[in-house]
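Scroll down for the structure; my scribbles are underneath it.
Here is the naming used below: chain letters follow the sequence lines, and residue numbers restart at 1 for every chain.
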There are 2 protein chains.
Amino acid sequence: MGKKRPYHHGNLRQALIDAALELIEERGVSALTLREVARQVGVTHAAPQRHFADRAALVAAVAEQGFRGLAAHVAAVRGSARTPAQRLRALGVAYVEYALAHPAHLRVMFSPEVADKSRHPELAAAAQAVHGTLVEQIANGQRQGSVAPGDPDELSFAAWSMVHGCAVLLIDGQAMGRSKRALIDAVVDRLYLGLGPREPSGKRRS
Amino acid sequence: MGKKRPYHHGNLRQALIDAALELIEERGVSALTLREVARQVGVTHAAPQRHFADRAALVAAVAEQGFRGLAAHVAAVRGSARTPAQRLRALGVAYVEYALAHPAHLRVMFSPEVADKSRHPELAAAAQAVHGTLVEQIANGQRQGSVAPGDPDELSFAAWSMVHGCAVLLIDGQAMGRSKRALIDAVVDRLYLGLGPREPSGKRRS
DNA sequence: TAGCCAATGTGGTCGATGTCAACATCGCAC
DNA sequence: GTGCGATGTTGACATCGACCACATTGGCTA
């Protein structure tokens, strides 16, 4: 058992992020404490200062990793299904799946503590990557006629609203006892129906 | 200058809630401090304890008022438009409108700090009222044939996801420079198209 | 190879916060 | 009127974020 901890940790920054996420998963974002994180990792209370200017910076780092993970998970659907329509559905499912698999991450990513993305440019970039995949799939769908024509930005915003709202509501425990899987299917079905090709049946724009 | 403050405030509880909301609007949820709220109202730092067991209780009270306001604002559409379809659209718009008009309230309502609604039954009840209006309108629409048949719970969840996601994204500044009004219209349009009567064009349920 | 220096971790401190407990003051029921 | 519960005050304590001076390390250079 000789090995006593060396004076330098080696990879403290990542260790702090990991410990922070673990803490958030167990006791919520508000329980995240710089000192507690430092304790978990086995360094003194001031050590994190060398890697994160303040508490907000640590939270932002956790959120950034969450966005990267979401972007990767969502981007993976690009090679999955054959038709753009199927890919669009798979993309929606992937978004919600990631949220349910990593609820703590999701909560941090859209926490008010990092809402001001102008102060965390890397956050905005990571979020933009997710949105980019969505716009890309919608544009593809439009080229193949499986998605109704229209401003891709507006359509992607509508689609994003739907899957994001679904994810947030499910995480917040608004499933009301129903099967989450069924609710996700319902949402993605309606997403598909709402975006699919058809002539508008009534007046648009209030 | 005669009037010195009486020993008892008279309506401290509501005054604290109001001050708390104001503070949140100005500096964010994380800046909400029991002592600062007490200072604003002009009482000593321990006075709030008589009305709120802890900081979380105050936050929950603010959230509860937000839910009540949203429920009222949304319920108002019941008497507005003629057809159920129009009412459904108006309902979605009303939801997002309230969110944009009271962003701080919305953020608190869905803040992780009150996510555990089991510890705040009155919160769950207020949220349920909002959802109830939605289910009611969808059931009405189905009776008149302007909404596709299907489990009303699933349909309302899909609709709720859409408007809630839209509201959250807009509040979080994800409008990307586009007109919020146009984005809301796009979302509600797709909501209407997704729920409207038609035969499913492809397979459903993965 | 010797030494030097920037990066990284330690220990101490300060003001602010949430929470508790003991005390002061008020208003309403009797 | 009087007594008691509700409400507000004062004081205290542990913890937190942030800052500082100092200690230790490893890598770079001369």
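In this entry the distance linking CG of A:Asn11 with C1' of C:dT8 reads 13 Å, nearest Å. D:dA6 atom C1' lies 16 Å from atom CZ of B:Phe52, rounded to whole Å. Counting to the nearest Å, the C1' atom of D:dT7 and the CD atom of B:Gln14 are 17 Å from each other.
Considering only residues two or more places apart in sequence or on other chains, B:Arg68 meets the side-chain hydrogen bond (donor to acceptor under 3.5 Å, both in side chains) condition with B:Glu64.
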Checklist line | Base versus backbone protein contacts along nucleotides 15-21 of chain C [heavy-atom cut-off under 4.0 Å; B, S, -] | finding: --BBBB-

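Note: B:Phe67 and B:His105 fail the aromatic proximity criterion, with ring centroids not under 6.0 Å apart. Ring centroids of B:His164 and B:Phe110 are separated by less than 6.0 Å, placing the two rings close together.
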Check: residues 35-42 of chain B side-chain donor-acceptor pairs under 3.5 Å, at least two apart:
residue : atom : partner : partner atom : Å
B:Glu36 : OE1  : B:Arg39 : NH1          : 2.4
B:Glu36 : OE2  : B:Gln40 : NE2          : 2.8

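There is no side-chain donor-acceptor pair under 3.5 Å between B:Glu136 and B:Asn140.
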